[in-house]
Amino acid sequence: QSQLHPQTVGAIVIGAGFGGIYSVHKFANELGLSVIGFDKADGPGGTWYWNRYPGALSDTESYLYRYSFDKDLLQDDKWKNTYLTQPEILEYLEGVVDRFDLRRHFRFGAKNQVTSAIYLDSAALWEVTTEGGDVYRAKYVVNAVGLLSAINFPQLPGLHTFQGEVFHTGAWPEGKDLTGKRVGVIGSGSTGTQLVTDLGSKVKHLTHFIRTPQYSVPVGKRPVSEQDLAEVKANWDGIWNQVKGSALAFGFEESTTPVMSVSEEERNRIYEEAWQKGGGFRFMFGTFGDIATDEEANETAAAFIRSKIAQIIKDPETARKLMPTGLYARRPLCDDGFYAVFNRPNVEVVAIKENPIRVITESGVVTEDDRLHELDVLAFATGFDAVDGNYRRMEVRGRDGLHINDHWQGQPTSYLGVATDNFPNWFMVLGPNGPFTNLPPSIETQVEWITELVRYSEDNGLKAIEPTEQTVSDWGDTCTELANMTVFTKVDSWIFGANIPGKKPSVLFYLGGLGNYRSILGDVAENGYRGFELTRAGEPATA
Ligand code: FAD
Ligand code: NA7
């Protein structure tokens with residue numbers, strides 16, 4: 001029946017993480033539109049609803065992993081340590097939802113997974129269908145579906161025969177106690193290192209299956225005193241100003257000093273200071289200005305980290321297996337004692353590039369050296385189909401029935417990371433070719449900008465807004481040029497969609513920094529939304 005009489009609302013928001021929560025707040029409480037938010041999770045939180053694995057921690061410092069839009073909220077905020085655990089972030093986001101009375105707009109649970117969003121050209125409305133079969137129509141759709149949300153679950157041979165428990169970090173069950181168990185962890189990115197660090201002291205035996213060792217520096221998690229908290233609260237305006245004008249929005253000034261402009265002694269002093277202070281982005285971008293752009297400079301940072309790893313891990317063979325080689329050019333990792341965990345007698349590493357996993361059996365993992373690693377639990381920390389993954393898992397059709405997967409066949413495209421051509425009134429938060437930063441400030445920037453665009457549309461009686469094909473193509477070129485200036489393109493990782501078998505690697509981010517990005521957004525808006533095609537009610541779409 002609902003098929004025949006779909007309810008029409010002003011806007012539909014997909015996702016209830018940082019992006020979806022703020023979008024619903026802006027659209028409902030500020031624009032006064034009727035809004036429905038959908039999330040397939042049973043509650044709000046997004047990333048922090050799903051990633052309940054032991055050790056899950058932000059690697060943005062606590063004072064910056066939050067919203068900045070409400071001064072009272074900022075004054076009421078509290079945090080105990082320099083970094084936030086998953087339960088703390090989830091509690092924070094649930095608190096925001098309740099504080100702004102947003103829960104009534106959301107529909108949660110598996111049946112509220114959005115399966116399709118189809119643009120009805122003649123009505124200029126989106127028709128959105130859920131897993132449960134409900135159909136709604138809306139003028140605007142905001143996709144806040146997450147850029148690290150669609151999980152990558154490699155189907156290893158024999159996995160279905162395994163009699164123990166199998167988990168993915170990105171869909172970890174609540175309150176799972178692994179004390180006394182024999183646990184295998186596959187994957188050694190940000191997530192795998194956090195999980196292994198936490199489990200090392202809890203489980204009976206831990207086997208870390210690692211394919212590509214990465215460079216990781218200490219996170220620097222420390223308690224925060226009342227005085228530290230008060231200082232931050234007295235300086236919020238200055239803090240957010242600095243953050244929003246900076247490139248990475250991590251709260252430190254990015255260095256512009258070239259590595260080779262200082263002596264070796266001075267360089268090592270600077271690296272050591274950053275190592276002691278902690279933070280992956282600070283180590284890569286706060287120490288020198290060319291680690292991410294110059295291979296020779298990059299090698300000095302890589303060599304420093306390798307020397308630390310060699311010092312920390314006592315057994316040379318274990319150290320060899322964990323030792324990264326080549327460029328330091330993935331999302332910079334930081335950890336709370338990862339390397340030291342391998343000095344424990346119950347923790348071992350299996351280097352699966354030299355000794356691959358052959359098959360999973362009912363009792364564990366068999367490697368090419370014929371060894372059976374007996375396990376009670378096998379945990380996949382194998383990451384995500386990043387950025388466009390969740391878009392491609394829906395049936396999204398724009399003008400003339402154009403499927404998003406056909407539109408994005410070559411590579412996912414956008415203008416400014418927020419919209420793409422042929423998909424009118426269809427917006428993205430952290431869509432392809434958006435900024436690569438500490439994410440809440442970028443999320444806020446985009447949600448606020450989309451809100452103003454929708455306000456403009458409503459005030460001017462517009463029927464549809466979409467970027468032109470040319471602008472989208474030009475923005476793609478800008479992002480590609482910027483990416484090619486860095487060493488990140490030289491290493492396979494999720495930043496370029498190069499972590500998923502069969503996925504075509506491409507540029508997925510604007511690497512020009514948040515400050516520049518905000519200037520561009522401001523400029524586009526001031527110039528009548530330059531690059532967007534605005535269709536008035538009653539007018540046919542024109543180029
Ligand atoms: P998400 O929080 O991913 O929310 C997207 C939501 O959309 C999900 O709840 C999902 O269920 C829902 N959804 C998707 N598709 C559908 C559909 N078809 N129908 C219904 N619902 C759907 N970033 C940082 O800046 N700093 C950090 O320290 C940091 N740490 C991280 C640690 C981990 C373990 C992970 C996985 C990510 C981390 N990130 C970090 C990135 C993090 O994802 C972002 O900071 C932020 O939480 C993204 O918010 P979001 O609202 O855009 O998306
Ligand atoms: P990442 O950074 O993509 O790491 C995934 C890890 O899983 C990485 O070590 C991969 O090895 C490994 N992996 C992936 N597929 C396989 C298979 N088939 N076999 C063995 N090992 C595999 O994901 P994370 O969740 O750690 O982090 C993603 C982001 O989320 C992170 O940057 C934070 O922002 C939060 P590889 O390196 O590909 O050889």
Side-chain angles (χ1 to χ4, degrees), residues 13-23 37-51 53 55-61 64-65 83-84 86 89 93 107-110 112-117 128 130-131 143-156 168-172 185-195 209-214 219 248-250 280-281 330-334 352-353 356-357 380-386 389-391 393-394 396 428-430 436-443 446-447 491-495 498-501:
V13 173
I14 312 173
F18 268 98
I21 292 170
Y22 192 37
S23 300
F38 293 107
D39 201 305
K40 63 187 176 190
D42 284 329
T47 291
W48 306 99
Y49 171 91
W50 292 106
N51 287 265
Y53 60 86
L57 190 75
S58 72
D59 61 7
T60 300
E61 284 186 61
L64 295 178
Y65 200 65
Y83 294 88
L84 300 165
Q86 173 271 329
I89 306 169
L93 289 172
R107 317 253 152 115
F108 292 113
N112 289 307
Q113 172 168 355
V114 171
T115 51
S116 73
V128 168
T130 65
E131 181 67 33
N143 296 275
V145 295
L147 84 180
L148 291 157
S149 173
I151 61 179
N152 171 40
F153 210 140
Q155 290 307 302
L156 301 179
H168 190 288
T169 49
W172 197 273
V185 175
I186 299 179
S188 199
S190 175
T191 298
T193 52
Q194 287 186 351
L195 180 63
F209 298 95
I210 167 165
R211 193 163 69 179
T212 314
Q214 292 201 52
V219 66
L248 294 154
F250 271 87
F281 278 84
R330 291 180 170 196
R331 185 186 194 276
L333 301 190
C334 49
I352 56 174
K353 222 173 231 166
I357 293 174
F380 283 78
T382 45
F384 303 90
D385 181 352
N390 267 340
Y391 292 89
R393 291 176 190 197
M394 294 184 278
V396 181
M428 298 178 282
V429 180
L430 303 184
F436 184 76
T437 64
N438 165 37
L439 291 168
S442 287
I443 290 171
Q446 293 187 325
V447 172
V491 171
D492 285 348
S493 77
W494 62 262
I495 300 175
N499 61 326
I500 303 292

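Read the numbers this way: they start at 1 and go in the same order the structure lists the ligands and their atoms.
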Identity of the nearest option to [atom], non-hydrogen atoms only, from [options]:
atom                    : options                      : result
atom 38 (C) of ligand 1 : Trp48, Phe108, Phe436, Phe18 : Trp48
atom 46 (C) of ligand 1 : Trp172, Tyr22, Tyr65         : Tyr65
atom 12 (C) of ligand 1 : Leu148, Asp39, Ile443        : Asp39

For [atom], what is the closest protein heavy atom, and at what distance to 0.1 Å?
atom                    : result
atom 16 (C) of ligand 1 : Ile14 CG2, 3.9 Å
atom 2 (O) of ligand 1  : Thr47 N, 2.7 Å
atom 4 (O) of ligand 1  : Gly46 CA, 3.5 Å
atom 50 (P) of ligand 1 : Gly19 N, 3.9 Å
atom 41 (C) of ligand 1 : Leu439 CD1, 3.7 Å

Exercise for the section: Look only at the side chain of Tyr49 and the backbone of Asp42, and say whether a donor-acceptor pair between them is shorter than 3.5 Å. Expected result: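 Yes; judged by distance alone, with no hydrogens or angles, the pair exists.
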Quick note on ligand 1: atoms under 4.0 Å from a heavy atom of Phe384 include exactly 36 (C)
Measure the distances from the heavy atoms of [X] to every atom of ligand 1 and state whether one is below 4.0 angstrom.
X      : value
Ala56  : no
Asn112 : yes
Val429 : no

Report yes if [X] has an N/O atom closer than 3.5 Å to an N/O atom of ligand 1; otherwise report no.
X      : answer
Thr60  : yes
Thr191 : no
Val114 : yes

Open item on the list: Using the side chain to side chain donor-acceptor pair (under 3.5 Å) criterion, which residues pair with Asp59? Sequence neighbours excluded.
Closed with: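 Partners of Asp59 by the side chain to side chain donor-acceptor pair (under 3.5 Å) criterion, ordered by chain and then number, come out as Arg331.
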Within the 4.0 Å heavy-atom cut-off, what Tyr49 brings close to ligand 1 is neither
Honestly, for Asn51 the part within reach of ligand 1 (heavy atoms, under 4.0 Å) is side chain
Open item on the list: At less than 4.0 angstrom from any atom of ligand 2, which residues have a non-hydrogen atom? List them by chain and residue number.
Closed with: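 Leu148, Asn152, Pro154, Ile186, Gly187, Ser188, Gly189, Ser190, Thr191, Arg211, Thr212, Arg330, Arg331, Ile352, Ala381, Thr382, Gly383, Phe384, Trp494, Asn499.
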Notebook entry, point to check: Have Thr437 and Ser442 got a donor and an acceptor in their side chains that come within less than 3.5 Å?
Noted result: yes
